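Notes follow the structure.
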2 protein chains.
Amino acid sequence: MEALRADMFEEICPSTLLPFKVGGDKWAGMVLRCLEGGPRRYSELRVPLARISPKMLTQSLRSLERDGFVRRTEYADPARRVTYELTGLGRSLLEPLRAFCDWAEDHWDELLDARES
Amino acid sequence: MEALRADMFEEICPSTLLPFKVGGDKWAGMVLRCLEGGPRRYSELRVPLARISPKMLTQSLRSLERDGFVRRTEYADPARRVTYELTGLGRSLLEPLRAFCDWAEDHWDELLDARES
DNA sequence: CGGTATCCCCTTGGATACTG
DNA sequence: CAGTATCCAAGGGGATACCG
């Protein structure tokens, strides 16, 4: 077994870019998953994400937009209308994200057991 | 496109268990990756993780131990000796974790570009 | 409808010094 | 060597009310 390198994480490490840090906040992952099925309106997102305050949802969406995962579109309809949808980058992120969710489901019981004791 | 379910995230969502939340703190992922190669001593971990204060490293390790990802072993050597190593659960987590790191490396330039603008 | 604004708490985590 | 103890700052994030 070889020794660990001293500079392994001197620069910004790729793992610091994991989804919930990429987005910048704890809700980013859920927001992304809510956008899997196509563009969604703000009020539509508030349904599955009812536990997020409007402030945090906006903040999360803005953050995801800044980082290039989500595209915000404003329509000039008579009634105001805004949609959010995944960019190519955002969609590419869904793959590893799903891998994680699958892993969590597969090991759900083990995780709970470990927590118990 | 079907409507989003209202109860999608009512219970604790699997995605909230993502690696950096599973561990509980921002360093957990890096710690896990440092343990890929086998058992490591505390002081050994401090080398690649030089930016983490001893307090945070301990806290992170304790958290990973509680959650069943890491096993702490104390030896009764004359000189004090403690090692940390991945459990089966911990090793299983490395897979999706690596998937993420790979993704981050693959999209590194895009990520930086998005950040710029 | 799609958000802002404000207030406030509380945890996260950094620095530093110390200990069995 | 393998941690603790203490202090402190920053900001993440919740609740609520309001706005164009």
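Throughout, protein chains are lettered first and strands after them, A, B, ... in sequence-line order, and every chain is numbered starting at 1. Only a predicted model underlies this, so the values are computations on that prediction, with no experimental measurement involved.
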Practice task
May I ask you to say what B:Tyr84 touches in the nucleic acid, namely base, sugar-phosphate or nothing, with a heavy-atom cut-off under 4.0 Å?
Solution key: sugar-phosphate
Problem - Nucleotide C:dG3, atom C1' - distance to CG of A:Leu61 in whole Å - result: 11 Å
Problem - Nearest-Å distance for atom pair CZ/P, residues B:Arg46 and D:dA2 - result: 11 Å
Practice task
Specify the separation, in whole Å, of atom CD of B:Gln59 and atom P of C:dT11.
Solution key: 12 Å
Problem - Polar contact flag, side-chain donor to acceptor under 3.5 angstrom, A:Tyr42-A:Thr83 - result: no
Problem - B:Arg41 backbone acceptor or donor facing B:Glu44 side chain under 3.5 Å - result: yes
Handout entry: side-chain N/O B:Arg41 vs D:dA2 OP1/OP2, d < 4.0 Å
Key = yes
Exercise for the section: Rounded off to whole Å, could you give me the CE-to-C1' distance for the A:Met56 and C:dA5 pair? Expected result: 15 Å
Problem - Candidate pair B:Glu74 and B:Arg72, rule salt bridge (charged side-chain N to carboxylate O under 4.0 Å, His left out), full reasoning - result: CA-CA 7 Å; B:Glu74 195 156 346; B:Arg72 178 180 181 276; 3.0 Å; yes
Quick test: give all pairs of protein nitrogen or oxygen and nucleotides 4-9 of chain D nitrogen or oxygen below 3.5 Å, distance rounded to 0.1 Å.
| unit_1 | atom_1 | unit_2 | atom_2 | d |
| --- | --- | --- | --- | --- |
| D:dT4 | OP1 | B:Arg62 | NH2 | 2.9 |

Handout entry: Lys/Arg N to Asp/Glu carboxylate O, A:Glu36 vs A:Arg98, below 4.0 Å
Key = yes
Handout entry: Protein-nucleotide distance (B:Leu57, atom CG; C:dG13, atom P), rounded to Å
Key = 13 Å
Problem - Quiz item: cation-pi between A:Arg40 and A:Tyr84, 6.0 Å / 45° - result: no
Problem - Any B:Ser53 side-chain nitrogen or oxygen under 4.0 Å from OP1 or OP2 of C:dG14 - result: no
Practice task
Could you check how far CZ of B:Arg80 sits from C1' of C:dG20, rounded to whole Å?
Solution key: 8 Å
Handout entry: Distance in angstrom units between A:Ile52 CD1 and C:dG3 P, rounded
Key = 14 Å
Problem - Whole-Å gap separating C1' (D:dG13) and CH2 (A:Trp27) - result: 9 Å
